[in-house]
Each structure stands twice: as structure tokens, then as C-alpha cells.
Amino acid sequence: MQLNNFFKFNGGVQPEENKTLSTGLPIARLPIPKKLILPLRQHVGQVAKLKVKPGDQVLKGQMIAEADGSVSAAIHAPTSGKVIKISQEIIPHPSGLPDFCITIEPDFKDTWIEKKPILWKKIDRTQLIEAFIKSGIVGLGGAVFPAHMKLRIRQTQPISTLVINAAECEPFITCDDILMRERADEIIQGALITQTILGAKKCVVGIENNKIEAYEALKKAAQETSIEIRVVPTLYPSGDAKRLIYLLMGIETPNDKRSTDLGIQVFNVATVAAIYRYLELGEPSISRIVTITGAVKTPQNFEVLFGTPLSDLIDAAGGSLTKQKKFIMGGPMMGFDLPSIDVPVTKAMNCVIESSPELFPAPKPVMPCIRCARCADACPVNLQPQELYWFSKSSQLEKAREYNLFDCIECGCCSYVCPSNIPLVQFYRYAKSEIIAQDKSKEAANTARERNEFRLARIEREKKERAERHAQKALGAQDKEGQDEKKSTIAAAMERVKQNQQENIKN
Amino acid sequence: MENRSPYIVNAPSISIIMLKVLLALIPGIILYVYVFGLGVIINILLASITVVLTESAILTIRKLPIKPFILDGSGLVAAWLLALSIPSIAPWWIIVLGTILCIIFGKHLYGGLGYNLFNPAMVGYAILLISFPSIMTHWQTPSNLMIVDASWLDQIKVIFNSNLLSKKTLDAMTSATPLDYIKTQLSLNQPLAMIQHDKIFGFVSGRGLELINLGYLAGGLYMLKEKIISWHLPVAFLTTLFFSAWLFNFFAPDTFASPLFHVMSGGSILCAFFIITDPVSGPTTPRGKIYFGTAIALLVLIIRLFGGYPEGIAFAVLLLNICVPLIDSLTQPRIFGHR
Ligand code: SF4
Ligand code: SF4
């Protein structure tokens, strides 16, 4: 597989891929589970607004919660059945906190609501975006950003290049790889549609050179099109959007801008495939491909309905092989521990890895930083992780910010190469949340202070006005009396005003 | 819930890194023994024992776990470097004292591994040089240049109790280093060409010494290959030393030795690959490393040519160690997406 010309970013790492583990079998379809638990927030942004209540019958593909505002996404019933409850359930999120979910009991008839393909070439943009708001499609690469937001961008910013992210750089994860192998046509069609909607002149697919079969499939599917398939080196984190744009085009997205400001929009392969299915087949986002791998019996990829309990997925993969039953969502570089095997599969869930002491040994004891700068050599953002660590550890948060802590993408390359086994990224996460919390409380304090100042000023103004009125009155009443007396009255009134003012200040 | 990603690591432990540094010193040490005899081995052994005992004691006092901090090997590296920096015929207590000073004042007073501002080996060396200038500048004559044959037993004697040796053997065993020799002879108004005819000179620098330096060079290249050190420091140091020495040599060949002489003399190679590459006390940014190496090389040359000491590495390194925070803050690399 020939590497195309590429622009290498600083650092990056090449962890063991462990991808062949789960690519041996084709995509299998998971049977409909006994219940489906659908979190109302599976996307970035506002929680979706409920459209059903317990007891309601729903059809497959029926919208059960709608996007609330523009940064939000709809949720659809993945199969037909009955809504049995709306309750807080444990969800797959790093916070481990429960969130509101709709639980559906399937009737196993799997009856579709009437599918309405969208004549996207015929309708105008506003209508098209409206339609997308109802699609439930979010970035399936893991970012889960509502797709209609990304498509709408053209109104404010002309897009010249559409980049399709097929890098899939994290070890173990193969859901995009397998999707490309088996459904390359859907991806290419989806890419073409997306390109047209965005009005982009060019469409480039960036794929790592470790996915030969996927590359061949895409190449074949894209034969008659102007889509360019470009091979980038297998170098984590090539799948990070800003890094991928750089690899492909040598363009550095400025830290304070988005790629769209430069006329570049990035979509993941699975997302454009979902766009294709929605427009051409009228199927909203109700399932995705999930890699289940690691210490399960038969690691492979499944097409899974959203809301399916993880335990069903594990069973389908032949069951777990360890006693600990620890599962990681995402890849080993950026993933996180799942709180339970009862969590549902969500739009963000691209991969679940069963952890084992052999695959992911317990962290070694932490030693002091020896300033070896291996972390800096590995950082794809060209930060100085050892300095950030020092500032985060010693709570010099302003310094950490000054050294661009917020440019850190938490990719984990620094920790990966650290001889002192320092959990660097954890320190950065901590420092970031501290800074954000501080900023928030500062802001709150500022508004409170402003409000208070405003209140004090008002009270003072009122008092002053009152005092002046008094003074005026006193003046008017004693007009006929002698000049001296008048003067003294004015003086007394002024004195009162002054006193009032002083009291105000004390208040 | 704690998010502990990344779940995988691929990094050599500090122990492995330090072990490789020690390994990289071996060729130089073997050649050292070949040229000067076993004295240096005794010094290394003494230094190693002292460092383990001293560090264990300090770690106990500081209530820190002993095992990980002894096994990290950083103490051993400092001790070996010190042992290789002092004359191999210095009395035994010199290396013992030096190692203790190096560990206490160079390392643990600042907080131990990772916190030392100064290069520990050079702290030990500088204190010794200031306190015992005479001992620290009496170097051994290479074995094949000795008029009287000194056996390996004599080497042990000279380290543990020099009174056991005759004055004649003692005299035969010590000689000036080429750097030292040039300095004293130049002050006697001898032309350089004449001075360099002395038998202590070899092909480019000191006879025998150049061989040891080649050994260190091999070790340095090994560390580069193993990515234990980055190229910036040795390249910056050696090229600066070479070209600045060349400049002096070009304009006044009668007073200033050749650039190659400077590169292969004294501790240049050891300094380039093993001393200034101490990560803890050095800069971390690529540009900072280049400035650091360059500045040290210039200082070393100035001290060698015009200073009071024949060799200036320790002082140059310590001086630049102070500047490291400044160098680092001024040489922050451009961050992705920043202008
Ligand atoms: S890799 Fe680890 S030990 Fe080395 S400088 Fe970075 S944080 Fe420090
Ligand atoms: S986690 Fe942050 S600091 Fe570490 S390598 Fe990635 S971007 Fe750099």
C-alpha cells in the first residue's frame, strides 16, 4: 500500500495495533434484546426533549425524543415495542453518573414506521437542515457532535474541502475498518452527498496504511468519482481531526479557530454512511457498528441497536474470559472504564474492550519526573508535557494555562512514553477542570458583585433623592424666614445628605 | 469514576535508561584500564559502594522507599561519572568524599531524583577541585610511558596508602595532562609546535587519552542509537568546541592548539555525551539544548585557553545549570496551530 505524500506532525506514537483480533469475522447483527435503554443525551449539547410517555407503543424508526434547540439531536426507537419507563439509568459516560433514559420493551415484530427517503436534491437547504435535525445523526467517530450543525455551516462559511476521516488510529478499534470493507459503497455515496450539501469542491478520504482491505474497497467504490483516497502513515493520533488535516494538506488549524474557518469540514466514515442511509433509505440513526474485543471469547464487530445492554453484546461475543469483568469503552489510549455491564450501547460507543491484566497491566509505581522530554518528543501538539505536569501538580494553574494546557487533546502519547509512569493526562484533566471551575466561580462572583454594586448604587441614589427632596421642602417652607436661618437649614439638610451617604458607604 | 487512560505504556523504566548509560561507559572504561591500569576500576567500585550506602542512609532519613530509588540507577551514573573525572591515582578518600558530597549537595539537598538543579557529578567534582587542587590535578602517566614499571599492586598502593611506594615510582606514575602541560609550557613562552613534541602527545591529543575518548564516543553513539539522549546536546557542544577552537587556531596557530586536539582532550567527549546530557539538570526544549551545549562549549574553551584551571567543564556546566529555567522558558517550541 503506497503512502501518499503527507505532512508529518510532531511526535505521535505507534502502539501495538491489536486490530486483527476483531477483523476475522464479518459484521454480525445482534438480535433484538429484551429491553432497550435509550439515554436522552447521546450527543454533545442539550438533552433531547421527550415525545413519548410510558405505555406508548412505538414503531421502529419513530422519533421518541426530539432535538431541543440547535445543538441537540433526536432519538428514535430502534425497534417496535412499548415504552415501559422513563427513569434515571446508569449510562456509559466517564463520570459514571446516571442519566435519564427511555426504556423500550420490544415486541419482536420489528415493524418499521413508514420510511421516507428524502429527495435531498429537490428541496432547499433550510428544509434539508430541518430534515437533518430529525435524523438523530451525530458524529459516530466518538465526538457525537450533531451532524446537522456540521452540515449547516455552509451558511456562514464556505467549505472547499470535505475530509472523510477513515484513519481509525486507536489500537483495537476496527468498527470503521470493517464498515469500509463491507459497505464501501454506502460510505462513498454518503461522502458524495455530504460533499454536495456542503458545496465542497473537493473530497479527500484519509486512511492509515494498516487497512489494506478497507483501502481497496474504498478505492473500488470511488472509482468513477472525484473522491480522492489518500493513505497516511499509521501513527497515533492521526485520526484527530486537526492532525488528519495536517497530515493530508499540511494545514495547521490555528488554535483559536475551527477547521471550518479554513473551509475544511471533517466527517467520520460511519457518519457519512448514516447520512446516506437517512437520505436515500429514510432510516434514521438507530444502530451502529461496535467492536467488541480484548479478553472476550470471539472478538468481532456487531451491528447493534442503540440501547442494547452491553451484557447482550458481551454474550454475543462468546462471553468474557476474565474474572474481573472490566470493560473499557473506546480505545486503550483515550478510553475509560465502564461503570457496569448493564450500560446501554450508545451513539458514542465505537468499541468495547474487555480488559485483562495481560492486555492492560496495572500501572507501575510513579517515579519523579526526570525531565527526559520523551513526552515532549511524543506530543502531537508540540506541548511541553513535563512543564504542564509540573504546573498542574503544584497547582500553578495560571502557569499551566499560559503554557497552553487547553491545547492538549488528551491523546495520552505523553503518558505512553513516560519512563517515570506518571499519569500525565490525569493531571491535565484535573487541572483543566479546576481552571474551568475557578473561571466559573470567578464569573459568578463577578456577576454577584456587579449585581450588588448595582443595588447599592440604586439605594444610594434613592436616599440621595429623598434627602434632596427633604432639603428642597425645608427650603420652601422656611422661605419667608430670615436669610441666616435659611442658610443654616440648607447646611443642616446638606449635613443629613452627607450622613446618609456615609451610612450608605458603611452599608 | 477515575479515567486512567492511556491503559498502555511503552517506555523504558528509569532503571533501564540508567543501565544503558552505564553500559555506554564500558568501552571507555575498558580502554581506560588498557591505558592506565586498574586504578580506575578501584575508584568506580569505591564510588559505587559509597553511593549505595549514602543514598540508603539519606533515603532512610527522608523516610522514602529505598529500593526504587536505589534501583533507578541515577546515583550510580553520577558516581561513575565522578570516578571517571578524577585522577585515577587520587587517594581512596577523595572519591569516597566526592561521592558523598555529590549525592548530598548535588542531589538530595534539592529533593532527590528529578529535582536537582545542578549536575550532581559536577557538583562533587567542583567541590573536590576547589578543596584539593593539587590532588585533583595530578594525573597518572599512561602505563606505556612510564620509565619505571609500576605493577597493578602499585596502583592499589597509591590509592590506599601512597607511603608504601618509593618516591621514584610515585614520580613516574604522575604526569601533567596535555591540557595542563600546554598551559604551563605556554606560560614559559614555548612555541606550541615544540610543546606538542613531548612524548605525552599522541596523534591528535594526549597519547592514550585519545583512545579513551574514542571509547566514550562509541558509547555516546550507542546512546544516540538507543534514543537515550537526543543529538542536540552532543552535536551543539562538539561543533561549537571544534569551530571556536578552529578560529583561535587559525589566527594564532602558535599559541592555540588544533580544534581536534580540543575535541579529543580532557573530558570533551565525556562531557558531550554523558555529562551535559543529564536530563534533570539540563534544558528540555530542542532549541534550549542547542543553546545550552553551545554555551558550555564556549565557556569550556575560554577556561581552557585563558582561565586558571586546565579544564573547565565542571564550572561551565554548573554555570549553565543555573540558566536552565531561563533557557527553557525562552525556547518554548511553537505549538501546533500557534503562530
Ligand atoms: S516523559 Fe515523564 S519523566 Fe520524561 S520529562 Fe516527560 S513527564 Fe518527565
Ligand atoms: S495528552 Fe496532551 S500533552 Fe500529552 S501528548 Fe497528548 S496533547 Fe500532548
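Everything numeric here is computed off the predicted structure, so don't read it as measured data.
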Look at [options] and state which one has the largest set of heavy-atom pairs under 4.5 Å with chain B.
options	result
A:Leu424, A:Leu383, A:Asn404	A:Asn404
A:Ala373, A:Pro363, A:Pro332	A:Pro332
A:Gly335, A:Cys369, A:Cys372, A:Ala376	A:Gly335
A:Asn421, A:Asn10, A:Ile328	A:Ile328

Proximal component of [X], with respect to chain B [non-hydrogen, under 4.5 Å]:
X	value
A:Pro423	neither
A:Met333	both
A:Glu410	neither
A:Val425	side chain
A:Thr253	backbone
A:Pro365	neither

Got more than 12 heavy atoms from elsewhere within 6.0 Å of [atom1], [X]?
X	atom1	result
A:Lys8	NZ	yes
A:Lys432	NZ	yes
B:Lys227	NZ	no
B:Arg339	CZ	no
A:Arg258	CZ	no

Validation row: [X], [Y] side chains within 4.5 angstrom (heavy atoms):
X	Y	value
A:Gln384	B:Ile335	no
A:Arg371	B:Asp328	yes
B:Pro68	A:Met367	yes
A:Pro368	B:Tyr115	yes
B:Asn10	A:Pro15	no

Practice problem: Not counting sequence neighbours, which residues clear side chain to side chain contact (heavy atoms under 4.5 Å, CB included) with A:Leu359? List them please. | Solution: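 A:Leu359 satisfies side chain to side chain contact (heavy atoms under 4.5 Å, CB included) with A:Phe172, A:Ser356 once adjacent residues are dropped.
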List, one per line, each side-chain donor-acceptor pair under 3.5 Å for residues 100-114 of chain B, sequence neighbours excluded.
residue	atom	partner	partner atom	Å
B:Lys107	NZ	B:Glu55	OE2	2.8
B:Lys107	NZ	B:Ser74	OG	2.9
B:His108	ND1	B:Arg62	NH1	2.9
B:His108	NE2	B:Glu55	OE2	2.9

[X] to [Y] - nearest heavy-atom pair and separation:
X	Y	result
A:Pro361	B:Arg4	O-NH2, 3.5 Å
B:Phe336	A:Asn382	N-CB, 4.1 Å
A:Gly412	B:Pro6	O-CG, 3.5 Å
B:Ile228	A:Arg374	CA-NH2, 4.1 Å

Practice problem: Go through the side-chain N and O atoms of B:Ser5 and A:Arg429 and say whether any donor and acceptor fall under 3.5 Å apart. | Solution: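 Yes, A:Arg429 and B:Ser5 have a side-chain donor paired with an acceptor closer than 3.5 Å.
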Practice problem: Decide yes or no on side-chain contact (heavy atoms from CB on, under 4.5 Å) for B:Ile14 and A:Ser420, but give the supporting numbers first. | Solution: CA-CA 7 Å; B:Ile14 301 183; A:Ser420 293; 3.2 Å; yes
Exercise. Go through the atoms of B:Ile17 and report whether side chain, backbone, both or neither lie under 4.5 Å from a heavy atom of chain A.
Key: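 Looking at B:Ile17, just its side chain touches chain A.
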Self-check item: Members of residues 244-252 of chain A whose heavy atoms come closer than 4.5 Å to chain B
Solution: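 The stretch touches chain B at A:Tyr246, A:Glu252.
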Self-check item: Residues in residues 277-286 of chain B near chain A [non-hydrogen atoms, under 4.5 Å]
Solution: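 Residues of residues 277-286 of chain B touching chain A at under 4.5 Å: B:Pro279, B:Val280, B:Gly282, B:Pro283, B:Thr284, B:Thr285.
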